[in-house]
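Everything on this sheet refers to the single structure shown next.
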Amino acid sequence: MSVVRRLGDPPKLRGSATMETCPDLFELSDGSFAVIGTDRTEELDALLPEDAARADYERIVVIDRETLLRAKRDIPDA
């Protein structure tokens, strides 16, 4: 598996203070997506809706709204 492309603008164009690190989204060669974000599992796990659950190996990762909105144009419809 490999990273095929970034979705949206790089952190530098989104105003990253370090010009290097920030939330990010990537499309992978197998068609799935990778997210770099803040791990908020402990805070949000108990707040998930009744019909949602996560496995022990899964984490709840948060990205800011701007990152997702800028990535929207690059997310395939199908």
Side-chain angles (χ1 to χ4, degrees):
M1 180 180 343
S2 62
V3 174
V4 174
R5 66 186 178 126
R6 169 182 275 115
L7 303 176
D9 296 324
K12 185 176 183 178
L13 292 180
R14 295 192 322 265
S16 169
T18 64
M19 302 298 180
E20 297 170 1
T21 61
C22 254
D24 229 331
L25 291 109
F26 300 93
E27 185 172 0
L28 304 178
S29 58
D30 69 353
S32 59
F33 298 90
V35 177
I36 297 174
T38 304
D39 183 350
R40 304 263 301 268
T41 304
E42 289 186 30
E43 177 185 347
L44 297 174
D45 198 39
L47 303 176
L48 290 174
E50 215 174 273
D51 61 348
R54 65 169 189 86
D56 288 340
Y57 58 86
E58 295 174 321
R59 310 302 293 162
I60 300 171
V61 178
V62 174
I63 60 171
D64 59 271
R65 180 180 181 83
E66 181 182 2
T67 299
L68 185 59
L69 292 178
R70 287 188 182 214
K72 183 179 177 182
R73 69 175 187 260
D74 296 330
I75 299 172
D77 290 331

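Everything numeric in this text was worked out from a predicted model, so none of it was measured.
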Exercise for review: Kindly compute the distance separating CG (Asp24) from CZ (Arg70), expressed to the nearest 0.5 Å.
Suggested key: 12.0 Å

Practice item. Sequence neighbours left out, what pairs pass side chain to side chain donor-acceptor pair (under 3.5 Å) with at least one residue falling in residues 26-37? Key: Arg5-Glu27, Asp30-Ser32

Point to revise | Set of side-chain contact (heavy atoms from CB on, under 4.5 Å) partners for Glu50, sequence neighbours left out | key: none

Check your understanding: Taking atom CG of Leu7 and atom CZ of Arg73, what is their separation to the nearest 0.5 Å?
Key -> 9.5 Å

Point to revise | For Ala52, all residues meeting side-chain contact (heavy atoms from CB on, under 4.5 Å), sequence neighbours excluded | key: Leu48, Pro49

**Study point:** For the student: nearest non-hydrogen atoms of Leu25 and Ala71, plus distance
**Key:** CD1-CB, 4.0 Å

Point to revise | Close side-chain approach of Thr41 to Arg54, heavy-atom, < 4.5 Å | key: yes

Practice item. Give a yes or no on this: more than 12 heavy atoms of other residues, nucleotides or ligands lie within 6.0 Å of atom CD of Glu58. Key: yes

Study note, to complete from the structure: Heavy-atom nearest pair, Leu28 first then Val4, reads C-CG2, 3.6 Å

Point to revise | Shortest non-hydrogen contact from Ile36 toward Ile63 | key: O-CG2, 3.5 Å

Point to revise | Verify same cluster id: Phe33, Val62 (apolar side-chain graph, 4.5 Å) | key: no

Review point. Taking everything shown except Arg65 itself, do over 12 heavy atoms lie less than 6.0 Å from its CZ?
Key: no

